[in-house]
Amino acid sequence: MLNSAPDSIDAVAEGLQAQAYLPSRELATAAFLALRLERPLLLEGAPGTGKTAIAAALAAALQRPLIRLQCYEGLDLAAAAYEWNYARQMLEIRLAQAHEGNRTADELFARRFLIERPLLQALTTAPAPVLLIDELDRADAPFEAFLLEFLADFQITVPELGTIVAATPPLVVLTSNRSREIHDAVKRRCLYHWVDFPDAAHELAILRARLPRIEQRLAQQVVAFVQGLRALDLYKLPGLAETLDWSRALIELNAVSLDPATVQSTLGVLLKYQDDIVRVQGSEAARLLAEMREHARA
C-alpha cells in the first residue's frame, strides 16, 4: 500500500506493481510528482496503452475511492459537476403552500438540494479520492473551460451557494487519445506524460504479471507477433489492452503456441477494423510468424 505522499519514485512503482500494473520509470516519476505536488496528471497516448488502468491501480494502491468521469460529446456541467434537484425543490414549494408557508430562494438553493456529480464528488469525498477524467478529447472543446477552476484550485463555484473547496485535494488523472488537441490552458494546470506502446521486454513482463497462467513460450510469441504488427501501416495499431485480450482468448482456446490457423481465427480479438484484418491475414500473418520463429531460434 502507498502512503498518501510517497517518499520515493520506487515506492510508487512498487505500489503499482502490487496491483499488477508495471509502469515505466518515467510514468512512475510522473505519478510520484502528481502526488507530491498535488497536481493533476494528464496522460496522452494511443488507445489501449494503460492510461485508464493506472487510475484504478493508483486508487487501489493508495486505498482511496475511485471516481470516474467518462467524457463524451455534449458533456456539460450538469452531468460533470452538479445540478439542482428541481423535483425536490418543487415538492418543498408545494408542501410549504399546503401549510400556508413559503420558501425563500436561500432555502430552496440549500446544499441538500444539490446533486453531486463526479467533479463535485471528488471535492467532498473522504478520504480524498482518485478522480479519473477519461478520454477528455471526446468532450467538446468548450467543456474544458469548466475544468480550469477545478484543476487549478480544486474548487467549484456554485453561483447560488458559493465556492466549494476540497479539504484535501484529490489525485486527478486525465486521459486523452489525442483525437483532438487539448487546450493549452488545461495542459498548463497539469503534469504531462505521453504513454507509448511498451517495448517487447516490458510488454512481456506486463503480460506475465497480468496473466500468470499463460505459458512462457506462448507469451513470448504473442508479444513478438504484436510487436511485428505495430511496425505495419495499420489504421489502428493493437495496444496493450488488445495484447491482453488476445492472450486471454488464446488461453481459453487451450493454445500452446501460435500457428496460422489460430492467428487467422482470432485476428478479430486483436484487430478491430476489417481493412486491418484483411491486410494482415494470409501472407502477412505467415511472414510475421516466420520472423517470430526465426527470432526464437536465434
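Using a cut-off of 4.0 Å between Lys/Arg side-chain N and Asp/Glu carboxylate O, R25 and D10 are scored as salt-bridged. Using a 4.0 Å cut-off between charged nitrogen and carboxylate oxygen, E73 and R138 do not count as a salt-bridge pair. Using a 4.0 Å cut-off between a side-chain N of Lys or Arg and a carboxylate O of Asp or Glu, R248 and D245 qualify as a salt bridge.
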Throw together a table of side-chain donor-acceptor distances under 3.5 angstrom for residues 236-243, partners on residues two or more places apart or in other chains.
| from | atom 1 | to | atom 2 | distance (Å) |
| --- | --- | --- | --- | --- |
| E242 | OE1 | G239 | N | 2.7 |
| T243 | OG1 | E203 | OE2 | 2.7 |
| T243 | OG1 | G239 | O | 3.3 |

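At least one side-chain heavy atom of L151 sits under 4.5 Å from a side-chain heavy atom of V172.
One hydrophobic cluster holds both L171 and L37 under the rule that ILVMFWY side chains link at heavy-atom gaps under 4.5 Å. Cluster annotation: L148 and L42 are assigned to the same hydrophobic cluster (Ile/Leu/Val/Met/Phe/Trp/Tyr, side-chain heavy-atom contacts under 4.5 Å, transitive). With hydrophobic clusters built from ILVMFWY side chains whose heavy atoms lie under 4.5 angstrom apart, W194 does not share a cluster with I206.
Nearest approach of P6 to V12, heavy atoms of both residues: CG-CG2, 3.5 Å. Taking all atoms of both residues into account, the shortest heavy-atom contact from D7 to F32 is C-CE1, 3.8 Å.
Applying the side chain to side chain contact (heavy atoms under 4.5 Å, CB included) criterion to R180, with sequence neighbours excluded, gives D137, A141, E144, I182.
Annotation for Q216: atom CD counts as buried by contact number, over 12 foreign heavy atoms lying within 6.0 Å. Atom OH of Y235 has 12 or fewer heavy atoms from other residues, nucleotides or ligands within 6.0 Å.
Within the 3.5 Å criterion, the main-chain N or O of E135 finds a donor-acceptor partner in the side chain of T175.
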